[in-house]
Amino acid sequence: MNLKRYLLILLFSTAVFAQQKQLVTSIDTTKNKIGAEFKLTLKTSVDTLTKVVFPNAKNFGSLEVIRSYAIDTIKKDNRYELVKRYGLTQFDSGKFMIPRIPVLINKKPFYSDSIAVQVSNVVVDTLKQKMFDIKPIAEVRSDNSWIWKLVLILLLFAGIGVFVYWYLKIRQKKKIEEELYKTPIERATNLLNSLEKKELWQKGEVKAYYSELTDITRNYIEEAIDIPAMESTTSELIEGLRAASVKKKMTLSKEIIENLEKVLKQADLVKFAKSRPLDFEITEDRKKIEKAIVTLDKSIPIVVEEEEESMLNELQRQNQLKIQLRKKRNKRIVIAISSVVLLLALTTTFFIATKGFDFVKDTVLGNASKELLEGEWVSSEYGNPSVKIETPEVLKRTDLTKTLPKDGMALIKEMQSFAYGSFSNSFYVMVSTIKYKKETTVDLSKSIESSLQILESQGAQNMIVKKEDFDTKEGISGIKGYGTFSKIDANNQTSTKIYYEILLFSQEGGLQQILIFHEEGDKYANEISARILNAVELKKVSQ
């Protein structure tokens with residue numbers, strides 16, 4: 001009887017164990033830092049007809065599910081092994097429990113094992129880690145700002161082109177009119193015919209019609225009879241015309257002058273008193289004007305020029321010829337200038353479209369960094385142990401001993417430094433070498449901090465520091481520091497963002513240093529810096 005009881009208990013426990021082993025729980029680590037990821041894995045082995053549903057929750061207990069990985073399916077014989085992974089995290093420190101997680105296998109819940117995890121704080125050593133001020137607000141620049149600049153330039157050139165075309169068109173029209181109308185009567189007659197073709201008064205534009213009609217009449221009188229008709233009132237014009245007819249012995253009837261006066265006064269009423277003549281009156285006024293102009297032209301006596309007058313007229317013709325030649329020359333100059341402007345506009349547009357606006361601006365207006373990059377470079381050795389580099393200009397010897405503390409200078413046997421530019425320039429490169437009096441182990445990281453402290457003493461602010469290893473072509477290992485700082489101009493109260501790179505090498509207890517900085521975003525200066533650093537060659541210290 002006892003044997004049967006033991007066998008029953010054994011079978012029951014085996015069945016429970018088999019159920020529990022259908023779901024296996026594991027985790028990659030039980031200790032992690034704040035915000036780091038715990039990878040929880042649930043694994044089950046089922047036959048091909050079994051349906052398994054893993055939970056899709058946002059939190060497992062106190063831990064947040066930051067990622068739910070896809071299910072991995074592995075086929076073994078006639079069974080499937082399903083593996084589900086979850087990425088969990090916690091942003092508070094302490095000990096937490098991942099609870100039992102239900103997994104439905106053929107709609108029956110199976111639970112994972114609960115797991116205890118520990119989340120620890122990230123220790124920040126403020127004594128070893130260099131602290132810096134908050135970076136200033138950076139101006140956001142749109143990448144397509146050059147499009148608006150291009151549009152403005154094109155509009156400017158288009159405006160210049162329209163102005164030149166308009167100017168030449170007006171000059172051409174004026175010249176055609178001068179050639180077409182050789183005498184005042186021809187001009188007046190043709191302008192009267194053109195006025196009738198416009199049909200202004202038929203369209204209701206009576207004022208515009210009378211304005212052109214009187215302007216044609218006054219221009220003719222001024223050109224043919226030498227009376228300042230355009231500036232005179234109607235009364236002054238009629239008086240001047242009567243006086244000229246007596247002086248020039250013109251055969252003018254009283255009726256012609258009176259008709260002309262009536263039309264001019266009628267025009268004054270239309271222009272200034274908003275009078276509206278009848279249609280037949282407008283037609284009669286036009287006929288009176290035409291008759292008056294023809295009669296005036298016929299009444300002008302033909303004067304036989306005397307010898308002096310002939311010489312005077314010849315001189316006037318020569319002067320007129322000179323004026324015409326000067327006008328033609330000016331016209332050729334205008335055309336030449338317009339052609340040059342148009343050619344420059346097309347060339348500028350082409351280079352902006354192919355090279356970009358900045359390239360055209362830097363080429364036309366000049367750019368100091370671009371001139372350095374495209375100039376003749378110099379390759380030379382500096383210091384002891386020597387540093388061989390290639391630079392746009394020869395580096396000049398400088399004295400850096402004043403910038404070092406006195407206790408530091410007591411350890412130095414020999415120090416040489418060479419530089420181009422200064423802290424106030426937009427581009428600066430410096431090479432320095434140091435030999436110590438005694439065998440000294442140089443901490444390159446601390447040396448970088450010392451060099452940057454010197455920059456801070458000269459006005460650098462908001463400095464950001466990054467470090468990485470650096471190897472020369474000869475296989476000499478060193479350290480590279482790089483980042484940005486703000487250069488403050490106390491006079492103008494302006495700030496400039498500067499990008500810097502510094503290389504340090506320690507050989508036989510000595511120190512070799514290369515420092516470069518320039519304005520951030522200067523693509524030409526970036527190319528200069530890269531070319532200098534790629535050409536660095538060091539010689540090992542000789543015993």
Side-chain angles (χ1 to χ4, degrees), residues 170-198 200-201 205-273 282 284-305 309-310 312-324 326-327:
I170 293 296
R171 293 290 300 272
Q172 184 180 10
K173 183 178 178 181
K174 186 176 180 181
K175 183 177 179 180
I176 291 174
E177 289 178 354
E178 290 176 352
E179 293 177 354
L180 183 62
Y181 311 129
K182 295 182 179 180
T183 61
I185 186 62
E186 289 182 7
R187 180 193 300 275
T189 303
N190 281 279
L191 291 177
L192 286 174
N193 293 333
S194 299
L195 177 61
E196 288 303 312
K197 292 178 182 180
K198 294 180 181 179
L200 293 178
W201 68 268
E205 301 178 19
V206 179
K207 182 178 178 180
Y209 177 79
Y210 271 95
S211 294
E212 287 196 34
L213 183 65
T214 55
D215 286 345
I216 293 170
T217 306
R218 288 174 179 270
N219 274 317
Y220 168 76
I221 294 174
E222 188 167 302
E223 291 180 8
I225 309 178
D226 295 329
I227 296 176
M230 297 301 295
E231 296 82 10
S232 303
T233 63
T234 299
S235 300
E236 293 172 345
L237 175 60
I238 296 301
E239 289 297 325
L241 185 60
R242 285 181 177 139
S245 66
V246 174
K247 183 178 180 180
K248 294 179 179 291
K249 299 179 181 181
M250 298 171 60
T251 56
L252 286 177
S253 65
K254 184 178 179 181
E255 179 186 1
I256 291 296
I257 296 179
E258 289 178 350
N259 288 338
L260 178 61
E261 184 178 10
K262 288 179 181 179
V263 176
L264 293 177
K265 288 183 176 180
Q266 178 82 291
D268 292 339
L269 292 174
V270 172
K271 291 188 288 184
F272 304 113
I282 298 174
E284 288 297 324
D285 287 343
R286 194 268 182 195
K287 291 179 180 179
K288 290 177 182 178
I289 288 293
E290 185 175 10
K291 184 177 179 181
I293 289 175
V294 172
T295 304
L296 284 171
D297 189 71
K298 290 181 179 180
S299 65
I300 298 174
I302 300 174
V303 180
V304 178
E305 296 181 350
E309 292 181 349
S310 177
L312 180 61
N313 291 335
E314 180 64 24
L315 183 61
Q316 290 177 346
R317 281 193 293 270
Q318 291 179 0
N319 292 335
Q320 188 67 25
L321 181 61
K322 291 180 180 178
I323 293 173
Q324 291 177 355
R326 190 181 301 114
K327 289 180 179 179

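Residue numbers count from 1 along this sequence. Side chains included, hydrogens not; waters and symmetry mates left out as well; all remaining heavy atoms used.
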When you compare the side chain of [Y] with that of [X], does any pair of heavy atoms fall below 4.5 Å?
{"X": "Tyr220", "Y": "Leu296", "value": "yes"}
{"X": "Val263", "Y": "Thr217", "value": "no"}
{"X": "Leu269", "Y": "Tyr210", "value": "no"}
{"X": "Glu196", "Y": "Tyr209", "value": "yes"}
{"X": "Glu261", "Y": "Leu237", "value": "no"}
{"X": "Ile238", "Y": "Arg242", "value": "yes"}

Measure the [atom1]-[atom2] distance between [X] and [Y] for me, rounded to the nearest 0.5 Å.
{"X": "Lys288", "Y": "Glu258", "atom1": "NZ", "atom2": "CD", "value": "10.5 Å"}
{"X": "Ile289", "Y": "Leu264", "atom1": "CD1", "atom2": "CG", "value": "5.5 Å"}
{"X": "Thr214", "Y": "Asn219", "atom1": "OG1", "atom2": "CG", "value": "9.5 Å"}
{"X": "Ser211", "Y": "Ile216", "atom1": "OG", "atom2": "CD1", "value": "11.0 Å"}
{"X": "Asn259", "Y": "Thr295", "atom1": "CG", "atom2": "OG1", "value": "9.5 Å"}
{"X": "Leu260", "Y": "Asp285", "atom1": "CG", "atom2": "CG", "value": "11.0 Å"}

Sole candidate of Glu239, Lys262, Lys265 that passes side chain to side chain contact (heavy atoms under 4.5 Å, CB included) when paired with Thr234: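 Filter result, single survivor: Lys265.
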So does Lys207 have more than 12 non-hydrogen atoms from other groups sitting under 6.0 Å from NZ?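 No, NZ of Lys207 has 12 or fewer neighbouring heavy atoms, counting only those of other groups under 6.0 Å.
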Answer yes or no: are there more than 12 heavy-atom neighbours, outside Glu255 itself, under 6.0 Å from its atom CD?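 Incorrect, the count does not exceed 12.
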Just do the side chain to side chain contact (heavy atoms under 4.5 Å, CB included) check on Glu222 and Glu231 with the steps written out, would you? CA-CA 10 Å; Glu222 188 167 302; Glu231 296 82 10; 3.9 Å; yes
Arg218 side chain vs Met230 backbone, donor-acceptor pair below 3.5 Å: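 Here the side-chain-to-backbone pair does not exist.
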Walk me through it: do Leu192 and Leu213 pass the test side chain to side chain contact (heavy atoms under 4.5 Å, CB included)? CA-CA 7 Å; Leu192 286 174; Leu213 183 65; 3.6 Å; yes
Does the distance from a Lys or Arg side-chain N to an Asp or Glu carboxylate O, for Lys198 and Glu212, drop under 4.0 Å?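 Looking at Glu212 together with Lys198, the answer is yes, because their closest N to O distance falls below 4.0 Å.
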